[in-house]
Trainee: 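Have a look at this one before I ask anything.
Throughout, residue positions are numbered sequentially from 1 according to the sequence presented. Since we're looking at a predicted model, the values are computed, not measured. All ligand and atom numbering here is 1-based and tracks the order in the structure.
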Amino acid sequence: MTIIVTGGAGFIGSNFIFHMLEHHPEYRIVCLDKLTYAGNLSTLKDVMDRPGFRFVRADICDREAVFRLFEEEKPDMVVNFAAESHVDRSIEDPEVFLRTNILGTAVLMDACRKYGITRYHQVSTDEVYGDLPLDRPDLLFTEETPIHTSSPYSASKASADLLVMAYHRTYGLPCTISRCSNNYGPYHFPEKLIPLMIANALNDKPLPVYGEGKNVRDWLYVEDHCRAIDLILHKGRVGEVYNIGGHNEMANIDIVKLICRELGKPESLITHVTDRKGHDMRYAIDPAKIHRELGWLPETKFADGIRRTIRWYLEHRDWWEEIVSGEYQHYYEKMYGNRGTV
Ligand code: NAD
Ligand code: DAU
């Protein structure tokens with residue numbers, strides 16, 4: 001079994017590679033990654049020389065490079081994590097999101113059509129469903145919830161999902177799609193809420209909460225997401241969408257206060273800054289289908305997962321300090337430098 005994992009030098013893709021190498025040591029895993037600002041080769045250093053693992057630096061939009069890799073590897077499956085993934089960046093500059101997230105998906109599926117695969121899996125997001133109101137806790141996203149996007153990022157991911165379903169119907173490509181809620185855990189790039197707050201708190205820097213911080217996300221430990229994708233690849237039904245979520249809704253402000261408590265830092269570091277444009281209020285996944293059909297349930301309680309995550313950032317300062325000391329500085333200044341306080 002050979003699986004091409006795209007975006008495997010990023011947060012979830014790398015965790016998925018570790019999961020697959022541990023649970024399916026007989027598989028060949030080929031990581032295809034462009035190494036954008038979000039891809040980090042040092043994340044994969046422990047598996048780089050492992051037999052059965054190969055890393056290839058390439059852009060999923062580069063048709064020639066992708067087809068060449070398929071020619072060489074003749075993969076059985078493709079799992080597509082490669083994407084521009086940060087909502088704030090998509091608001092600043094949507095174009096690369098359209099290119100990678102939509103056109104890149106099409107190139108990968110064209111290669112799958114040409115060389116033949118048993119499964120193409122698209123890693124999508126709950127953001128394709130838009131948002132839910134705070135005062136209706138009874139409402140959850142199901143697989144039947146209409147697509148209703150808010151940001152250029154979520155619109156690009158929804159476009160890719162539509163394209164995947166079209167390739168399945170038109171060409172009979174054996175596809176599945178998973179739509180997961182917010183992940184957290186090791187190797188999470190420090191532009192995202194949880195790792196950004198941990199890194200800033202450790203450096204006694206302000207903790208920039210957008211608006212009042214009442215927005216709710218449904219947090220899932222990354223290993224639980226990886227286990228769900230593994231199950232979908234092996235037991236999921238072709239042509240189906242599976243929602244993945246932790247039944248773990250939390251307001252941003254409560255997460256930031258929790259991080260302060262865990263690190264022994266004062267809440268006075270919290271700074272309320274100008275809100276994100278078009279900011280989605282609440283995400284909440286109903287994972288009943290994947291539970292019913294594949295027996296999946298989240299295993300990591302948030303209280304344990306967040307402690308494990310904080311410990312990981314404390315023990316891997318080299319990993320994130322290298323990131324925040326480089327190009328990230330310019331990003332941070334651009335995104336937060338002129339952001340007014342509220
Ligand atoms: P990430 O930004 O940490 O990693 C993305 C990876 O893709 C990086 O290694 C980057 O180098 C690579 N990449 C980007 N453009 C590429 C291109 N053109 N060609 C090849 N490689 C390219 O992202 P993540 O948080 O790990 O998310 C992975 C996937 O999961 C994305 O598709 C995202 O939409 C989806 N997702 C993320 C979350 C979350 O909470 N992080 C939740 C649900 C779904
Ligand atoms: O729901 C799944 C999605 O989760 C994925 O598809 C995306 O790839 C992933 O980035 C994530 O999107 P969010 O926008 O929810 O994540 P982010 O970490 O950027 O923000 C989480 C919440 O925290 C959101 O309400 C905005 C807020 N926030 C974020 C940052 C970076 C702040 O208050 N301050 C910040 O500095």
Side-chain angles (χ1 to χ4, degrees), residues 5-16 31-41 43-44 56-62 65-66 79-91 96-97 99-101 103-105 107-108 122-129 131 141 150-151 153-154 156-157 160-161 178-185 187-197 200 206-220 222 225 229 243-245 250-253 255-256 270-276 279-285 332 335-336 339:
V5 177
T6 69
F11 165 44
I12 309 175
S14 59
N15 279 282
F16 180 73
C31 172
L32 166 65
D33 199 297
K34 185 182 178 183
L35 297 181
T36 67
Y37 78 92
N40 205 326
L41 215 44
T43 301
L44 296 172
V56 177
R57 184 175 192 176
D59 185 336
I60 58 167
C61 303
D62 181 344
V66 169
V79 184
N80 182 23
F81 290 94
E84 288 293 334
S85 69
H86 192 34
V87 172
D88 292 326
R89 288 184 190 256
S90 83
I91 294 167
V96 66
F97 285 73
R99 186 177 171 277
T100 290
N101 299 2
L103 298 178
T105 298
V107 169
L108 288 172
Q122 178 72 4
V123 181
S124 186
T125 168
D126 61 356
E127 296 201 15
V128 301
Y129 299 122
D131 65 350
F141 297 135
S150 310
S151 68
Y153 163 69
S154 56
S156 70
K157 292 296 288 185
D161 284 11
S178 53
R179 294 183 178 143
C180 191
S181 59
N182 287 62
N183 286 215
Y184 69 101
Y187 300 108
H188 203 179
F189 195 84
E191 66 187 347
K192 307 284 171 61
L193 179 79
I194 288 182
L196 183 144
M197 295 300 168
N200 279 19
L207 307 177
V209 171
Y210 297 166
E212 290 183 78
K214 289 186 177 158
N215 306 64
V216 166
R217 298 291 183 264
D218 178 1
W219 294 95
L220 182 73
V222 63
H225 185 187
I229 295 175
N243 281 356
I244 309 169
M250 290 191 67
N252 296 337
I253 188 71
I255 296 211
V256 179
I270 296 174
T271 314
H272 290 269
V273 300
T274 310
D275 212 346
R276 174 184 280 174
H279 198 171
D280 280 337
M281 209 32 146
R282 170 177 166 248
Y283 302 146
I285 280 277
Y332 199 88
M335 285 293 191
Y336 295 92
R339 212 165 188 135

Trainee: Provide, to 0.1 Å, the distance between atom 18 (O) of ligand 2 and the closest protein heavy atom, together with that atom's residue and name.
Mentor: Leu193 N, 2.8 Å
Trainee: Counting heavy atoms only, which of Thr36, Asn15, Leu220, Leu35 comes nearest to atom 10 (C) of ligand 1?
Mentor: Thr36
Trainee: Rounded to the nearest 0.5 Å, what separation is found between the OH atom of Tyr210 and the CZ atom of Arg276?
Mentor: 5.5 Å
Trainee: Where is the nearest protein heavy atom to atom 27 (C) of ligand 2: which residue, which atom, and how far?
Mentor: Asn252 ND2, 3.4 Å
Trainee: Under the side chain to side chain contact (heavy atoms under 4.5 Å, CB included) criterion, do Met250 and Val216 qualify, and how do the steps go?
Mentor: CA-CA 5 Å; Met250 290 191 67; Val216 166; 6.0 Å; no
Trainee: Can you measure from CG (Asn243) to CG (Asp126) and round to the nearest 0.5 angstrom?
Mentor: 8.0 Å
Trainee: Which of the numbered atoms in ligand 2 are under 4.0 angstrom from any heavy atom belonging to Val209?
Mentor: 33 (O)
Trainee: Could you work out, for atom 4 (O) of ligand 2, the closest of Asp218, Asn182, Leu207 by heavy-atom distance?
Mentor: Asn182
Trainee: To the nearest 0.1 Å, how far is atom 8 (O) of ligand 2 from its closest protein heavy atom, and which atom is that?
Mentor: Ser85 O, 2.8 Å
Trainee: Where on His86 is there a heavy atom closer than 4.0 Å to ligand 1, on the side chain, on the backbone, on both, or on neither?
Mentor: neither
Trainee: For atom 13 (P) of ligand 2, state which one of Glu127, His86, Arg282, His272 supplies the nearest heavy atom.
Mentor: Glu127
Trainee: For Asp126, take its heavy atoms, then give the atoms of ligand 2 lying under 4.0 Å from any of them.
Mentor: 1 (O), 2 (C)
Trainee: Apply side-chain hydrogen bond (donor to acceptor under 3.5 Å, both in side chains) to residues Arg89 and Tyr37 and explain how you reach the verdict.
Mentor: CA-CA 12 Å; Arg89 288 184 190 256; Tyr37 78 92; 3.1 Å; yes
Trainee: For ligand 2, find out whether one of its N or O atoms is nearer than 3.5 Å to an N or O atom of Glu191.
Mentor: no
Trainee: Has ligand 1 got any nitrogen or oxygen that is less than 3.5 angstrom from a nitrogen or oxygen of Phe189?
Mentor: no
Trainee: Select the closest option to atom 42 (C) of ligand 1 among Ala65, Ser181, Ala58, judged by heavy-atom distance.
Mentor: Ser181
Trainee: What about Gly8: any of its N or O atoms under 3.5 Å from an N or O on ligand 1?
Mentor: no
Trainee: How many angstroms lie between SG in Cys31 and CZ in Arg57, if you round to the nearest 0.5 Å?
Mentor: 11.5 Å
Trainee: Taking C-beta and beyond as the side chain, do Val222 and Tyr184 meet within less than 4.5 Å on heavy atoms?
Mentor: no
Trainee: I would like to know whether Ile255 and Ile194 meet side chain to side chain contact (heavy atoms under 4.5 Å, CB included); could you show each step before the answer?
Mentor: CA-CA 8 Å; Ile255 296 211; Ile194 288 182; 3.9 Å; yes
Trainee: Which ligand 2 atoms are under 4.0 Å away from a heavy-atom of Tyr336?
Mentor: 30 (C), 31 (C), 35 (C), 36 (O)
Trainee: Regarding ligand 2, does Pro208 bring an N or O atom to under 3.5 Å of one of the ligand's N or O atoms?
Mentor: yes
Trainee: Of all the non-hydrogen atoms in the protein, which one sits nearest to atom 19 (O) of ligand 2, and at what distance?
Mentor: Arg276 NH2, 2.9 Å
Trainee: Would you mind running through ligand 2 and noting each atom that sits below 4.0 Å from a heavy atom of Tyr153?
Mentor: 5 (C), 6 (O), 7 (C), 8 (O)
Trainee: If you measure every N or O of Asp59 against every N or O of ligand 1, does any of those distances drop under 3.5 Å?
Mentor: yes
Trainee: Quick one: look up the protein heavy atom nearest atom 27 (O) of ligand 1 and list residue, atom name and how far away it is.
Mentor: Ile12 CD1, 3.9 Å
Trainee: Non-hydrogen atoms of Lys157 versus ligand 2: any pair closer than 4.0 Å?
Mentor: no
Trainee: Tell me whether Thr125 has any N or O atom under 3.5 angstrom from an N or O of ligand 1.
Mentor: no
Trainee: Roughly how far, to the nearest 0.5 Å, is OH of Tyr283 from CG of Asp218?
Mentor: 11.5 Å
Trainee: Kindly identify the option in Tyr153, Tyr37, Phe81 whose heavy atom sits closest to atom 34 (O) of ligand 1.
Mentor: Tyr153
Trainee: Would you say ligand 1 has an N or O under 3.5 Å from any N or O of Ser85?
Mentor: yes
Trainee: Is there a heavy atom of Ser14 sitting under 4.0 angstrom from any atom of ligand 1?
Mentor: no
Trainee: Considering Asn183, Asp33, Thr43 one by one, which has a heavy atom nearer to atom 40 (O) of ligand 1 than any of the others?
Mentor: Asn183
Trainee: For Tyr283, is at least one N or O under 3.5 Å away from an N or O on ligand 2?
Mentor: no
Trainee: Among Cys180, Gly185, Ser124, which one puts a heavy atom closest to atom 44 (C) of ligand 1?
Mentor: Ser124
Trainee: Under a 4.0 angstrom heavy-atom cut-off, which atoms of ligand 2 come close to Lys192?
Mentor: 10 (O), 18 (O)
Trainee: Side chain, backbone, both or neither: which part of Val87 has a heavy atom under 4.0 Å from ligand 2?
Mentor: side chain
Trainee: Using a plain distance cutoff, I'd like to know if Ile60 has any nitrogen or oxygen under 3.5 Å from a nitrogen or oxygen of ligand 1.
Mentor: yes
Trainee: What do you reckon, does Asn80 have a nitrogen or oxygen under 3.5 Å from a nitrogen or oxygen of ligand 1?
Mentor: no
Trainee: For atom 33 (O) of ligand 2, which protein heavy atom lies nearest, and how many Å away is it?
Mentor: Tyr210 N, 2.8 Å
Trainee: Just verifying a value: how many Å separate Lys192 NZ and His86 NE2, rounded to the nearest 0.5 Å?
Mentor: 6.5 Å
Trainee: Walk me through whether Asn200 and Tyr332 qualify under side-chain hydrogen bond (donor to acceptor under 3.5 Å, both in side chains).
Mentor: CA-CA 11 Å; Asn200 279 19; Tyr332 199 88; 2.7 Å; yes
Trainee: Would you compute the distance between atom OG of Ser151 and atom NZ of Lys157 and round it to the nearest 0.5 angstrom?
Mentor: 11.5 Å
Trainee: Considering non-hydrogen atoms of the protein only, which is the closest contact for atom 26 (C) of ligand 2, and what is the distance?
Mentor: His279 NE2, 3.4 Å
Trainee: Any nitrogen or oxygen of Thr100 lying under 3.5 Å from a nitrogen or oxygen in ligand 1? Just yes or no.
Mentor: yes
Trainee: Hey, which atoms in ligand 2 end up nearer than 4.0 Å to a heavy atom of Thr125?
Mentor: 1 (O), 2 (C), 3 (C), 5 (C), 6 (O)
Trainee: Looking only at N/O atoms, are Ser181 and ligand 2 under 3.5 Å apart anywhere?
Mentor: no
Trainee: Go through it in stages, so that I can follow the logic: the residues are His188 and Asn183, the test is side-chain hydrogen bond (donor to acceptor under 3.5 Å, both in side chains), and I'd like the CA-CA distance, side-chain angles, deciding distance and then a yes or no.
Mentor: CA-CA 9 Å; His188 203 179; Asn183 286 215; over 6 Å; no
Trainee: Would you mind checking if Arg282 and Asp131 are paired as a salt bridge, meaning a charged N to carboxylate O distance below 4.0 Å?
Mentor: no
Trainee: Less than 3.5 Å between some nitrogen or oxygen of Phe11 and one of ligand 1, yes or no?
Mentor: yes
Trainee: Quiz question: by atom type and distance under 3.5 Å, do the side chains of Asp88 and Tyr336 form a donor-acceptor pair?
Mentor: no
Trainee: Can you tell me which residue and heavy atom of the protein come closest to atom 20 (C) of ligand 1, and the distance to 0.1 Å?
Mentor: Lys34 N, 3.2 Å
Trainee: So which protein heavy atom does atom 4 (O) of ligand 1 come closest to, and at what separation?
Mentor: Gly10 CA, 3.4 Å
Trainee: Ignoring hydrogens, just give me the one of Ala83, Gly104, Ser178 whose non-hydrogen atom is nearest atom 5 (C) of ligand 1.
Mentor: Ala83
